[in-house]
*Asks:* 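Pasting in a structure now, in structure tokens, and then I'll have a few things to ask.
Order of listing sets the numbers, starting from 1, for every ligand and every atom in it.
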Amino acid sequence: MPLPLNLQSAHDISQDILTLGERAKGVVNKKSAAASNEDMLMRELKEILNILYADQADACFDALKSRMDAALKARPLDLKKRDAQRKDDPLWFARSGRPAYCAYIDRFAGTLKETCERVSYLKSLNVGLFHPLPLLMPREGDSDGGFAVMDYREVDPRLGTMDDLRLLAKELRDADMSLVLDVVCNHTAREHQWAQKQLAGDPEFQDFYLFKSEQEVREWEEALIDVFPDTAPGSFTYVEEAKSYVWTTFYPFQWDLNYGNPRVLVEMSDVLFYLANAGCEGFRLDSATFLWKIKGTSCRNLDQTHLIMRAWRIMLSLVAPSVFLLAEAIESLDAVLPFYGKAEKAECQLAYNNNVMTALWGAMADQDATVARSVIREAARKPAHGAWLNYIRCHDDIIWQALSASVAQEKLQNWSDFYAGKDSFAKGLAFQAPKGLAASSCGMALSLCGGRADALALQRLKMLTAILFALDGVPMIYMGDEIGLENDESFLSDPLLKDELRWLHRPHMDWEKAQKSADASCFEGDLSQFIHSLCHILQDLKLSARGLSQEIIDHEEKQILWLRRACSSFSFQMIANMSAQATKINLPNESKRLLGGLDDQGCLAPWSFVWLQT
Ligand code: GLC
């Protein structure tokens, strides 16, 4: 059976890392095993395309094959070596005590070059994955924080060039970190050349986007749920030049791509290959939920969307095998779990653990960990071939509705009110939500914990962070939370941003404060050094970030969240008191305190925690 692709160069690399002894014993077998694996993957890809594209499947397959071939040939040798090293470790990025760090480049460092100068700062936080929010060429003006891309092969000129991006990727690699990039795969800016060509009637670009008549819009919209009901109601936007409506799940300038057209899949796959070859080691698949549309459905998480995820996994496995996929699907757990795919048909290796994040904030509001306990238990249904990306804040709002399948709307409403400051210590704001449902919440972590002026806020934030790092998975730090930056209201005076509340929690990095992060006697240093300790403890324990058994221990006091993770020779335990009442705790026998602790009366103080090794 001939190889479906010109993959010889990949073989050469894997052969390079075999010892002479290994070569003598088994290289031929390994080579043929690899060949048949590639063959199987290509066959599976073909089957997927048959399901998605029927009589256009063969042409799509051939086009993809030639793009893959070209990408494989162009893949730089140092990246091929990484692929080879990680061949048997698909979860290589889930490393004990090595968090992810997420930031906007302009707000973090200014430019990509200046970000290179901040790599040492990331290193001081033990960061393993660096995820800059979208940095590819956005449209001019409002671009939804860069999520309206005009060109996937150019960097936003205000941030630098593709060469700067390659350089940053390399500097990160040299510092034992990996670059994760957003691929905004569901939509482009209306100014993208694909959109412009479709509008101009270029036959090559027909059907890249979805245009509908007024009547069709009415029919489709019956089953759709608005994402931005206040600032961008509906899912379609009238386009004068086309005299019809284009599909826009998000803002009117973000045009949804039509994955029903195989050429869209080919072009977006090529974008993935191009960015992988520029040194990107993981992709955040933005708005992955929405890729495929079928009338009468909510057009979220459809089977065809999962086939596309699988197709991307297959293609990357052949072109850039070590590159992982992160699903951005802020949905119920039942909708998120399928993004991992099946063990033998993996899709994404990482997904946002949004349900647990949301439930933790809910627990703080209620001073009751009951919901959080069950949500954490449920999240353990994640398959072993994937890992969770755990977080407490990100650049988006906290979407309470993601828990609506398991938590009553009334409770979600209470949480939403709480974080908008109603009868609470929290200093957040309510963001939009579908009619009659609890609005999402915006705010930086410290502000939601009460803000700097609240003497207990730091304690609350440390407690949440201690829970975050104890959970099974990769913890993510959102820029500024490590030094307790608060809400930034400056967006209100920017005409482009003032109507988008999420800018409340997208501050500029305060480097003066960050400079104090080594000094544990000040506020910033206290928090930063605390995170440092969490990382180092995890690293010393070699506590796996990839599916070590995790159980929740029930405690009679509802405010207690007690987590145990069992290793072969010891167990790691985290006990948090998510309330304002000191709570008596009977520690397990022979436990060694790692961090945090009980007071002299054997109580866990309000909003505090203890990490134990038993
Ligand atoms: C994702 C991003 C969000 C953006 C949306 C549309 O959810 O995280 O910030 O608004 O996609 O691209």
Side-chain angles (χ1 to χ4, degrees), residues 100 102-107 131-139 141-150 152 156 180-192 195 209 224-235 237 246-257 259 268 271 282-291 299-301 305 325-332 335-336 339 348 350-354 357-358 389 391 393-402 431-434 440-444 476 478-479 491 496-497 499-507:
C102 174
Y104 275 107
I105 291 291
D106 56 340
R107 293 180 171 235
H131 167 216
L133 284 151
L135 48 73
L136 299 176
M137 174 87 84
R139 73 192 291 269
D142 185 4
S143 65
D144 184 21
F147 286 99
V149 179
M150 245 180 90
Y152 293 88
D156 180 345
V180 182
L181 269 204
D182 267 286
V183 173
V184 186
C185 52
N186 175 66
H187 45 267
T188 72
R190 63 160 292 160
E191 291 78 5
H192 193 287
Y209 301 84
L224 300 177
I225 307 160
D226 283 3
V227 177
F228 296 138
D230 296 346
T231 49
S235 299
T237 300
V246 71
W247 199 303
T248 52
T249 298
F250 297 89
Y251 284 107
F253 51 78
Q254 290 165 305
W255 289 15
D256 285 44
L257 285 160
Y259 279 89
M268 199 50 87
V271 166
F283 291 123
R284 174 185 183 274
L285 297 177
D286 179 67
S287 309
T289 302
F290 302 91
L291 298 194
C299 299
R300 294 183 179 213
N301 313 307
T305 293
L325 296 176
L326 158 63
E328 197 251 338
I330 311 304
E331 302 276 325
S332 70
V336 174
F339 279 91
C348 299
L350 202 57
Y352 284 88
N353 201 353
N354 84 83
M357 177 274 289
T358 309
L389 183 67
Y391 63 122
R393 286 304 290 120
C394 71
H395 68 291
D396 282 331
D397 40 317
I398 301 173
I399 303 178
W400 306 111
Q401 294 309 323
F431 191 52
Q432 44 201 339
S440 304
S441 300
C442 291
M444 287 295 284
M476 184 185 88
Y478 178 59
M479 189 209 84
F491 75 102
L496 276 186
L497 310 180
D499 296 323
E500 238 292 357
L501 224 56
R502 289 178 295 171
W503 290 99
L504 182 70
H505 52 251
R506 297 173 181 174

*Asks:* Relative to each other, are the rings of Tyr352 and Tyr391 parallel, tilted or perpendicular (30° and 60° limits)?
*Replies:*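 Ring orientation, 0 to 90° scale: perpendicular.
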*Asks:* Is Ser287 near ligand 1, meaning one of its heavy atoms is under 4.0 Å from it?
*Replies:*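 The answer is yes: ligand 1 sits under 4.0 Å from a heavy atom of Ser287.
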*Asks:* Ignoring hydrogens and angles, tell me if any N or O in the side chain of His131 forms a donor-acceptor pair with the backbone of Ala100 under 3.5 Å.
*Replies:*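 Such a contact is absent between His131 side chain and Ala100 backbone.
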*Asks:* Among protein heavy atoms, which lies nearest atom 9 (O) of ligand 1, and at what distance?
*Replies:*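 So the nearest neighbour among protein heavy atoms is Asp396 OD1, 2.7 Å.
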*Asks:* May I ask you to decide whether Arg506 forms a salt bridge with Asp396, counting only side-chain N to carboxylate O separations under 4.0 Å?
*Replies:*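 Looking at Asp396 together with Arg506, the answer is yes, because their closest N to O distance falls below 4.0 Å.
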*Asks:* Do me a favour and list the nearest non-hydrogen protein atom to atom 11 (O) of ligand 1 with residue, atom name and distance?
*Replies:*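 I find the closest protein heavy atom is Asp286 OD1, 2.9 Å.
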*Asks:* Side chain of Glu328, backbone of Ser287: donor and acceptor closer than 3.5 Å?
*Replies:*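 Judged by distance alone, yes, a pair lies under 3.5 Å.
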*Asks:* Does Tyr251 use its side chain to pair, donor to acceptor, with the backbone of Ser143 at less than 3.5 Å?
*Replies:*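 No, Tyr251 side chain to Ser143 backbone: no donor-acceptor pair under 3.5 Å.
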*Asks:* Donor-acceptor pair, Arg284 side chain versus Val183 backbone, under 3.5 Å?
*Replies:*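 Judged by distance alone, no pair lies under 3.5 Å.
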*Asks:* His187 side chain to Phe147 main-chain N or O, any donor-acceptor pair under 3.5 Å?
*Replies:*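 Indeed, once roles are kept as given, a pair shorter than 3.5 Å links the two residues.
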*Asks:* What are the atoms of ligand 1, with element, lying closer than 4.0 Å to any heavy atom of Gln254?
*Replies:*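 Counting atoms of ligand 1 from 1, those under 4.0 Å from Gln254 are 6 (C), 12 (O).
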*Asks:* Could you list which atoms of ligand 1 come closer than 4.0 Å to a heavy atom of Arg502?
*Replies:*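 Those atoms are 3 (C), 4 (C), 9 (O), 10 (O).
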*Asks:* Return the residue, atom name and 0.1 Å-rounded distance of the protein heavy atom closest to atom 5 (C) of ligand 1.
*Replies:*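 Checking every protein heavy atom, the shortest distance to atom 5 (C) of ligand 1 gives Phe250 CE2, 3.7 Å.
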*Asks:* Starting from atom 7 (O) of ligand 1, what is the nearest protein heavy atom, named by residue and atom, and what distance separates them?
*Replies:*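 The protein heavy atom lying closest is Glu328 OE2, 2.9 Å.
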*Asks:* Counting heavy atoms only, which part of Glu500 comes closer than 4.0 Å to ligand 1: side chain, backbone, both or neither?
*Replies:*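 Neither part.
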*Asks:* With a cut-off of 4.0 Å, which atoms of ligand 1 are near a heavy atom of His187?
*Replies:*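 So the answer, numbered in order with elements, is 6 (C), 12 (O).
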*Asks:* Using the side chain to side chain contact (heavy atoms under 4.5 Å, CB included) rule, pick out the option among Asp182, Asp156, Leu181 that qualifies with Leu135.
*Replies:*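 Considering Asp182, Asp156, Leu181, a side chain to side chain contact (heavy atoms under 4.5 Å, CB included) with Leu135 is found only for Leu181.
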*Asks:* Considering heavy atoms of the protein only, find what lies nearest to atom 10 (O) of ligand 1 and give residue, atom and distance to 0.1 Å.
*Replies:*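 Of every protein heavy atom, Asp144 OD2, 2.6 Å lies nearest to atom 10 (O) of ligand 1.
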*Asks:* Under a 4.0 angstrom heavy-atom cut-off, which atoms of ligand 1 come close to Arg284?
*Replies:*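 Checking each atom against Arg284, I get 2 (C), 8 (O).
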*Asks:* Within the 4.0 Å heavy-atom shell around His395, which atoms of ligand 1 are there?
*Replies:*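 The atoms of ligand 1 under 4.0 Å from a heavy atom of His395 are 2 (C), 3 (C), 8 (O), 9 (O).
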